[in-house]
Amino acid sequence: MSSVRVRFAPSPTGNVHIGNIRAAIFNWLFARHEGGKFLLRVEDTDLERSTPEAVRTLLESMQWLGLDYDEESMYQTSQLAAHRQAAERLIAEGKAYRSAKGGTGEATVFRIPWDAEQVPGVSVVGPAELDVHQETPVTIDRRGVNYALVSAKGKPMPQAACLAGFRDLEIFDAQGTSLFRLADRLNGICAGTDSAVIEHAAKLCYTRRQIQYTDMVKGNLAKPLDSMQDQVIVRSDGAPVFHLANVCDDIAQGTTHIVRGDDHVENTYRHIFLFHALGATPPRYAHLPMIVNAQGKPYSKRDGDAYVGDFRSKGFLAEALFNYLTLLGWSPGEDREKLTRAELISLFTLERCQSSSAQMDLRKLTNLNGQYLAEMAPDAFVALCREHAAALPWYAGADPAYFDRVARLMQSRTKVFSQVSEWDCLFVDIPAYDEKAAAKFLKDESVRQTLARVAEALKTCTFDVAGIEAAIHAVTQAARIEQGHFNQPIRVAVTGRAVGAGLYETLELLGRDRTLRRLEHALSR
RNA sequence: GACCCCAUCGUCUAGAGGCCUAGGACACCAGGUUUUCAUCCUGGUAACACGGGUUCGAAUCCCGUUGGGGUUGCCA
């Protein structure tokens, strides 16, 4: 029995983003592969958007894709007291402080610990020197160090970093005279009772430290502490910030591995410090590459196509979308792409995840979907066709048995259920004509004469596939047209389109009356 | 600006120094099968961002450049 516990932690907004659900899929696959637990945590702290309706949409999307979760799901709003308690505890232990910068009132700020070496992964990089803009005073208080670098044009470029970034800090002027030593005033500054403003500073000398962790996808990642800042964990209005809530909940849920989007790597360093401050061991991390749109840019609200529900309503199968999404940023390492869920579970490892972003290709998804549709049991296929046809104007009046026959005939050439709407040409009385096809196949006068003769022949033949074929053949042979070469004009005349199912089957399906009416109509156009 | 990450055909990817005159899939093009449409089969076009190194040998290791992305104290 594996001890792996992973979670999917979406905020329910009414739509599940394709990038989010991909993260859910990878978490699920990892958990199932390892024989661990896949947990759900609904981050519903945005009361405006996190309506019961939005939560239902989320659950439906997960169920549709077969992402079943273990144990009771956690709702983040239920953890509010725990989050506040954690913040109070950090303040009481001197690991966080209140600060009024920017907001209205005091926020709670988590301090990157001064004794950072206590945290596994933190190490000394070595001595560091920074030339700073001499006109800009260096200010130091418990919130950190503010200074300005010098741009190529000699202008000041303001920087801010946490206090912990500057171990052994000593500040010198242009002549090399020491102006300030942090060690002399450390206690007061950390306590918030002391602060310093240093004019005419030219150089910052200190010991640089960094925090390092091993990402299961991206490998070793590190960040110098002097490029980090203390983190607000409770807003001035008392609401816990994502970082605190997230870490607290992962501790509460016993998360062992966090598998999430690339955009969280920077947060990870801060979260590791938070885990330790709260007396917990940080989980292992795996950061997945982003999914980008057709322009190669990150999906934004404007990209309407990027929600799970859209793919469902456009007629993609859950299994096909699931399969396709696993191939975005991951591959089994062999030349197979269409994989069953069982195969995916057994093949999936985080180590085989890609570290660069991936672009969705609707055409490839469509192709894969077509493969899944082709091998569906006909009855199941017909049932889903009905679902997708239900809203179509011609469906209500359609004969169920006739619909059934059409669906079976069309299965092998359907790639997405949205194509069901094109079947209107088999259901309405007179179909709409594709003018390009009509111009190509129905314009010629000799063609029209032959069509008239075909119509005559179809009036009396046996109206089944064999009879229709024989009747048409007889006419075309008399007209000295090569076998089959007259099928396209007939197809366009009868269905209005140049593509469709086998012609004789189609005519048999339509029946004699409708076929003749359509031929007549085509010739009168 | 600073910090961090990324970089193989149009797209998704294989590739962990010699198996690579770079393989597969989608898309595209050309043939073929099918009396027609779709399917299917065969073949083809097409990539290691650029420049330096290391090495007998680099798509694979190192450095730089360029390009893209992420983050940058009260979004999640």
Side-chain angles (χ1 to χ4, degrees), chain A residues 9-11 13 43 45-46 99-110 143-144 148-149 151-152 155-162 215 218-219 221-224 226-237 239-243 245-246 261-270 287 289-290 292 294 296-298 324 327-338 354-368 370 374 409-415 469 472-473 476 482-492 495 497-506:
Chain A
S11 45
T13 59
E43 302 206 331
T45 47
D46 182 343
S99 167
K101 183 182 168 188
T104 55
E106 288 191 317
T108 305
V109 183
F110 171 65
R143 295 179 306 201
L149 292 174
S151 77
K155 293 191 172 164
M157 299 185 293
Q159 307 284 320
C162 63
D215 193 283
K218 290 174 174 290
L221 299 178
K223 192 174 177 66
D226 53 320
S227 68
M228 296 178 70
Q229 285 188 262
D230 290 352
Q231 181 66 47
V232 170
I233 51 173
V234 180
R235 279 188 277 271
S236 44
D237 67 1
V241 167
F242 160 75
H243 304 287
N246 203 255
D262 222 347
D263 47 334
H264 282 291
V265 283
E266 297 289 323
N267 292 332
T268 304
Y269 304 105
R270 304 192 284 227
H287 285 99
M290 310 277 275
V292 296
K297 298 287 180 190
Y324 177 74
L327 263 20
L328 240 39
W330 178 84
S331 83
E334 48 181 297
D335 288 341
R336 278 195 317 154
E337 299 197 322
K338 185 165 177 296
Q354 204 78 2
S355 53
S356 53
S357 57
Q359 193 172 313
M360 278 212 75
D361 184 358
L362 236 31
R363 290 170 306 190
K364 184 154 179 164
L365 205 210
T366 302
N367 178 282
L368 190 61
L409 183 63
M410 297 304 287
Q411 179 167 2
S412 69
R413 40 212 108 201
T414 303
K415 291 190 180 298
E469 179 176 354
I472 292 174
H473 192 188
T476 53
E482 253 186 85
Q483 263 202 21
H485 280 209
F486 202 67
N487 283 5
Q488 279 302 77
I490 299 174
R491 179 191 308 283
V492 175
T495 69
R497 297 167 197 262
V499 292
L503 182 64
Y504 316 124
E505 288 84 353
T506 304

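Every chain is numbered from 1, with letters handed out A, B, ... down the list of sequences.
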N246(A) atom CG is separated from C75(B) atom P, nearest whole Å, by 16 Å

Hey, is the side chain of Q354(A) poking within less than 4.0 Å of OP1 or OP2 on A14(B), counting only N and O atoms?
yes

Could you check whether the side chain of E469(A) and the base of U35(B) have a donor-acceptor pair of N or O atoms closer than 3.5 Å, going by distance alone?
yes

Is it true that the side chains of D262(A) and H287(A) contain a donor and an acceptor less than 3.5 Å apart?
no

Rounding to an integer number of Å, can you tell me how far M290(A) CE sits from C12(B) P?
15 Å

Span that lies between the C1' atom of C19(B) and that of A76(B), in whole angstrom
48 Å

For N367(A) and C26(B), what is the distance between atoms CG and P respectively, to the nearest whole Å?
5 Å

Using both distances under 3.5 Å as the test, list the Watson-Crick or G-U wobble partner of G64(B), or none.
C50(B)

Would you mind classifying the nucleic acid contact of S355(A) as base, sugar-phosphate or nothing, using non-hydrogen atoms under 4.0 angstrom?
sugar-phosphate

Which nucleotide, if any, forms a Watson-Crick or G-U wobble pair with U71(B), using both distances under 3.5 Å?
A2(B)

Could you check whether any side-chain N or O of T495(A) sits under 3.5 Å from a backbone N or O of V492(A), counting only pairs where one atom can act as donor and the other as acceptor?
no

If I take atom CD1 in residue I490(A) and atom C1' in nucleotide U35(B), what distance separates them, rounded to the nearest angstrom?
11 Å

Tell me whether R235(A) contacts the main-chain N or O of T108(A) through its side chain, where contact means a donor paired with an acceptor under 3.5 Å.
no

With respect to the phosphate group of U71(B), does any side-chain polar atom (N or O) of N267(A) fall under 4.0 Å of OP1 or OP2?
no

Complement of C28(B), any strand, by Watson-Crick or G-U distances under 3.5 angstrom
G44(B)

Among G69(B), C4(B), A2(B), which nucleotide has an atom closest to any side-chain atom of P298(A)?
G69(B)

Hey, is the main chain of H243(A) close enough, under 3.5 Å, to the side chain of Q231(A) for a donor-acceptor pair?
no

Pair assignment for C20(B), Watson-Crick or G-U wobble, requiring both distances under 3.5 Å
none

Can you tell me how far P in A30(B) sits from the matching atom in G69(B), rounded to whole Å?
36 Å

In terms of the nearest nucleotide of RNA chain B, which residue is placed more toward the 5' end: E337(A) or L221(A)?
L221(A)

Whole-Å P distance, G24(B) and G15(B)
15 Å

M228(A) CE - U71(B) P separation (whole Å)
15 Å

For I233(A), report the nucleic acid contact type (base, sugar-phosphate, nothing); a contact means any heavy atom under 4.0 Å.
nothing

Polar side-chain contact Q231(A)-G73(B) base: donor and acceptor under 3.5 Å:
no

Please round to the nearest 0.5 Å and tell me the distance separating atom CE of M228(A) and atom CD of E266(A).
8.5 Å

For L503(A), report the nucleic acid contact type (base, sugar-phosphate, nothing); a contact means any heavy atom under 4.0 Å.
base

Base, sugar-phosphate or nothing for A358(A)? Non-hydrogen atoms, less than 4.0 Å.
sugar-phosphate

So for R413(A) and U39(B), does any side-chain atom that can act as donor or acceptor lie under 3.5 Å from a complementary atom in the base?
no

Of all the nucleotides listed (G10(B), A76(B), A2(B)), which has the minimum atom distance to the side chain of R363(A)?
G10(B)

Reported CG-to-CG distance for the pair N246(A) and N267(A), which is rounded to 0.5 angstrom:
8.5 Å

Counting the atoms with a prime plus P, OP1 and OP2 as sugar-phosphate, which does R336(A) contact under 4.0 Å by heavy atoms, base, sugar-phosphate, or nothing?
nothing

Between P289(A) and V109(A), which has a closest nucleotide on RNA chain B that is more 5'?
P289(A)

Below 4.0 Å: OP1/OP2 of A76(B) and any side-chain N or O of R235(A)
yes

Between C62(B) and A22(B), how far apart are the C1' atoms? Round to whole Å, please.
23 Å

Report the nucleotide, chosen from U13(B), C3(B), C74(B), that has the shortest atom-to-atom distance to any side-chain atom of P224(A).
C3(B)

Work out how far the P atom of G18(B) is from that of C3(B), and round it to whole angstrom.
35 Å

Mind checking if H473(A) touches a base, just sugar-phosphate, or nothing, with heavy atoms under 4.0 Å?
nothing

Using only atom types and a distance under 3.5 Å, with no angle test, would you say the side chain of T268(A) pairs donor to acceptor with the backbone of H264(A)?
yes

Give K338(A) one of three labels, base, sugar-phosphate or nothing, depending on what nucleic acid heavy atoms sit under 4.0 Å from its own.
nothing

If U36(B) has a Watson-Crick or G-U wobble mate with both distances under 3.5 Å, name it; if not, just say none.
none

Against the side chain of R491(A), the closest entry in G23(B), U36(B), A2(B) is U36(B)

Between W330(A) (CH2) and C12(B) (C1'), how many Å, whole number?
13 Å

With sugar-phosphate meaning primed atoms plus P, OP1 and OP2, does A222(A) contact a base, only sugar-phosphate, or nothing at under 4.0 Å between heavy atoms?
sugar-phosphate

Among U72(B), A7(B), G69(B), which nucleotide has an atom closest to any side-chain atom of R270(A)?
U72(B)

Output the rounded distance in Å from CD (Q359(A)) to C1' (C6(B)).
15 Å

For the C1' atoms, the ones on C48(B) and on U13(B), what distance do you get once it is rounded to whole angstrom?
13 Å

I need the CD-P distance between E334(A) and A14(B), as an integer number of Å.
12 Å

Against the side chain of V241(A), the closest entry in C74(B), U72(B), A7(B) is C74(B)

For G296(A), answer base if it contacts any base atom (sugar-phosphate contacts may also be present), sugar-phosphate if it contacts only those atoms, and nothing otherwise; contact means non-hydrogen atoms under 4.0 Å.
nothing

C1' atom, C9(B) versus A59(B): distance in rounded Å?
13 Å

Between Y324(A) and D361(A), is there a donor-acceptor pair closer than 3.5 Å when you use the side chain of the first and the backbone of the second?
yes

Under 4.0 Å between a side-chain N/O of K297(A) and OP1 or OP2 of G69(B), yes or no?
yes

Over all strands shown, is S99(A) touching base, sugar-phosphate only, or nothing at heavy-atom distances under 4.0 angstrom?
base

Distance from T506(A) atom OG1 to R497(A) atom CZ, nearest 0.5 Å?
12.0 Å

To the side chain of E43(A), which of A76(B), U71(B), A25(B) is closest?
A76(B)

When you check the phosphate oxygens OP1 and OP2 of C74(B), does a side-chain N or O of S236(A) lie under 4.0 Å from one of them?
no

Considering only the P atoms, how many Å lie between A46(B) and C37(B), rounded to the nearest integer?
30 Å

By centroid distance (under 5.5 Å) and plane angle (under 30°), are H243(A) and G73(B) in a stacked arrangement?
no

Test applied, side-chain contact (heavy atoms from CB on, under 4.5 Å); reference residue, S99(A); option that passes from V109(A), V232(A), D230(A)
V109(A)

Of the listed nucleotides U39(B), C26(B), C74(B), the one nearest the side chain of V232(A):
C74(B)

Answer with yes or no whether Y504(A) presents, from its side chain, a donor or acceptor under 3.5 Å of a partner atom in the base of U35(B).
yes

